[in-house]
Amino acid sequence: MILDGKALATKIKEELKVAVENINNTYNKKPKLAVVLVGSDPASCVYVKNKKNACAFVGIESVSVELPEDTTQEDLESKLKDLNADNTINGILLQLPLPKHLNERQALNCISADKDVDGLGQENMGRLLTGEDGLVACTPSGIMELFKEYKIDLKGKNATIINRSILVGKPLFALLTAQNATVTMCHSHTKNLVEHTKNADIVITAVGKKNFLTADMIKDGAVVIDVSIVRTENGLCGDADFEAVSQKASYITPVPGGVGPLTIALLLKNTIKAFKNQNNIY
Ligand code: NAP
């Protein structure tokens with residue numbers, strides 16, 4: 001069965017649109033997101049455009065802050081601090097990756113925790129690990145929404161994540177563990193990867209390599225979440241050899257139309273949450 005992330009993202013965005021309307025009717029203001037883009041990487045420009053369009057759809061205001069490719073760390077951090085201090089801005093998104101000469105971690109940590117709608121700063125990451133309320137990274141949260149929507153019970157299940165990045169694997173590890181799954185986190189130094197994937201009720205793959213996950217690597221009836229977005233001559237694909245893996249899996253996300261649309265929907269959800277927290281609306 002296909003896990004239709006696109007349909008779920010549309011449903012979430014419709015709900016958020018109503019939420020923004022209600023906020024506006026009651027408080028006469030709307031959440032506002034600042035999207036910071038350094039340089040002009042073509043893929044990043046597309047992502048920024050998609051995020052801004054999604055904001056417009058649900059009624060969130062957005063502003064673009066476009067900085068040149070040769071922006072210094074100091075100038076970037078100074079811009080982020082200005083946005084932190086700007087009371088009209090509720091959420092700040094720093095589009096990644098940054099140009100190579102910039103320190104991504106240091107820049108992410110500059111964003112105020114209460115405006116860190118990507119949930120990638122150290123305070124929100126720490127909150128996630130300690131089980132305190134905060135803003136949670138959008139892609140892992142989107143995956144959790146899929147499990148909820150399709151009533152996939154995580155309790156006691158073996159989940160194997162092939163990724164240990166701050167964007168995907170690490171936050172997902174915390175979220176799945178909080179739902180009582182038994183989680184294995186794999187990476188490029190993992191020995192006998194197949195042992196870990198074959199043992200898993202749920203396999204989440206985010207390696208970024210076409211046909212990386214083959215049917216012989218999963219057990220019958222496994223749930224497969226394919227996070228990767230790989231650009232090929234024939235369009236986008238994920239890690240999974242979709243034709244063969246989908247025959248063996250009980251559930252699988254397609255690429256495109258799986259996890260990707262949910263990432264944007266969750267960014268909007270986080271922006272509304274940040275707005276509410278800042279305005280003491282519960
Ligand atoms: P990343 O930091 O490069 O992570 C890739 C991970 O794969 C790393 O943990 C790496 O291990 C692991 N890996 C590489 N080769 C491996 C191998 N042979 N065996 C086992 N593990 C291996 O990238 P990322 O930012 O997390 O993104 C991963 C993919 O997800 C990309 O395709 C990206 O486009 C996609 N993505 C999609 C969304 C979405 O919204 N759908 C959001 C974020 C990312 P090491 O840590 O040892 O290097």
Side-chain angles (χ1 to χ4, degrees), residues 2-10 12-13 35 41-51 53-54 93-98 100 104-105 107-108 117-120 125 136-147 159-176 183-200 203-214 216-218 224-232 235-242 252-270:
I2 299 288
L3 295 170
D4 190 343
K6 195 173 171 195
L8 176 57
T10 303
I12 293 171
K13 283 191 284 185
V35 183
D41 172 63
S44 292
C45 291
V46 172
Y47 290 137
V48 165
K49 194 173 128 220
N50 291 346
K51 285 167 188 174
N53 287 344
L93 178 132
L94 178 60
Q95 183 63 43
L96 304 177
L98 293 177
K100 294 265 180 292
E104 220 160 76
R105 173 52 35 207
L108 288 169
V117 286
D118 244 351
L120 300 177
M125 279 288 165
V136 178
C138 303
T139 302
S141 302
I143 294 169
M144 298 309 281
E145 292 281 342
L146 266 180
F147 291 137
T160 292
I161 308 170
I162 321 175
N163 181 294
R164 59 172 164 177
S165 74
I166 211 81
L167 216 57
V168 182
K170 288 193 173 104
L172 201 48
F173 185 95
L175 291 167
L176 290 168
V183 189
T184 304
M185 188 184 279
C186 301
H187 45 76
S188 65
H189 298 273
T190 299
K191 292 200 174 109
N192 302 324
L193 179 67
V194 177
E195 264 176 33
H196 299 292
T197 54
K198 273 237 166 201
N199 184 42
V203 176
I204 299 161
T205 183
V207 172
K209 288 185 187 150
K210 186 182 172 187
N211 290 337
F212 179 84
L213 189 79
T214 49
D216 58 334
M217 291 173 73
I218 65 161
V224 176
I225 307 289
D226 192 346
V227 184
S228 287
I229 301 173
V230 184
R231 282 164 209 283
T232 73
L236 301 181
C237 71
D239 287 345
D241 172 6
F242 188 83
I252 186 167
T253 54
V255 181
V259 177
L262 286 166
T263 298
I264 296 189
L266 269 291
L267 167 71
L268 305 175
K269 199 169 179 179
N270 274 353

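Start at 1 and go down the list; that is how both ligands and their atoms are numbered.
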Original post:
Among A137, A206, G208, P97, which residue places a heavy atom closest to atom 5 (C) of ligand 1?
Top reply: A206

**OP:** Keeping the roles fixed (side chain from E104, backbone from L96), state whether a donor-acceptor pair exists under 3.5 Å.
**Re:** no

**OP:** Around atom 18 (N) of ligand 1, find the nearest protein heavy atom and jot down its residue, atom name and distance.
**Re:** F212 CE1, 3.6 Å

Subject >> T197 versus T160, side-chain donor and acceptor atoms under 3.5 Å >> reply: no

Subject >> Closest protein heavy atom to atom 15 (N) of ligand 1, given as residue, atom name and distance to 0.1 Å >> reply: K209 NZ, 3.5 Å

Original post:
With side chains defined as the heavy atoms from C-beta onward, is the minimum distance between V46 and S44 less than 4.5 Å?
Top reply: no

Original post:
Within a reach of under 6.0 Å around NZ of K198, are more than 12 heavy atoms found that belong to other residues, nucleotides or ligands?
Top reply: yes

Original post:
Which heavy atom of L94 sits nearest a heavy atom of A107, and at what distance?
Top reply: CD2-CB, 3.7 Å

Subject >> Shortest protein heavy-atom distance from atom 40 (O) of ligand 1, along with the residue and atom involved >> reply: T263 OG1, 2.7 Å

Subject >> Considering all heavy atoms, the nearest L193-C186 contact >> reply: CD1-CB, 3.6 Å

Subject >> L213, V227, D239, I204 screened by side-chain contact (heavy atoms from CB on, under 4.5 Å) with I162, the one that passes >> reply: L213

Original post:
What is the nearest protein non-hydrogen atom to atom 47 (O) of ligand 1, stated with its residue, atom name and distance?
Top reply: S188 OG, 2.5 Å

Original post:
Do any nitrogen or oxygen atoms of C186 come within less than 3.5 Å of a nitrogen or oxygen of ligand 1?
Top reply: no

**OP:** Identify which of K210, H187, H196 has a heavy atom lying nearest to atom 21 (N) of ligand 1.
**Re:** H187

Original post:
So does K6 have more than 12 non-hydrogen atoms from other groups sitting under 6.0 Å from NZ?
Top reply: no

Original post:
Does V207 approach ligand 1 within less than 4.0 angstrom via side chain, backbone, both or neither, non-hydrogen atoms only?
Top reply: both

Subject >> Minimum non-hydrogen distance to atom 29 (C) of ligand 1, winning option of S165, S228, C138 >> reply: S228

Subject >> Sub-4.0 Å atoms of ligand 1 with respect to non-hydrogen atoms of G260 >> reply: 40 (O), 41 (N)

**OP:** Heavy-atom contacts with I162 under 4.0 Å: which atoms of ligand 1 show up? List them by number with element.
**Re:** 20 (C), 21 (N)

Original post:
Between M125 and I166, which heavy-atom pair has the shortest distance, and what is it?
Top reply: CE-O, 3.2 Å

Original post:
Between L167 and ligand 1, which part of the residue brings a heavy atom under 4.0 Å of the ligand: side chain, backbone, both or neither?
Top reply: side chain

Original post:
Which protein non-hydrogen atom lies closest to atom 41 (N) of ligand 1, naming both residue and atom, and how far is it?
Top reply: V227 O, 3.2 Å

Subject >> Side chain proximity check, I225 to V203, heavy atoms < 4.5 angstrom >> reply: no

Subject >> Criterion side-chain contact (heavy atoms from CB on, under 4.5 Å) against I264, the qualifying member of I12, N50, T139, N53 >> reply: N50

Original post:
Nearest protein heavy atom to atom 3 (O) of ligand 1: under 4.0 Å?
Top reply: no

**OP:** Would you mind checking which non-hydrogen protein atom is closest to atom 33 (C) of ligand 1, with the distance to 0.1 Å?
**Re:** I229 N, 4.1 Å

**OP:** Starting from atom 46 (O) of ligand 1, find the nearest protein heavy-atom neighbour and note its residue, name and distance.
**Re:** R164 NE, 2.8 Å

Subject >> Minimum-distance protein heavy atom relative to atom 42 (C) of ligand 1 >> reply: T139 OG1, 3.2 Å

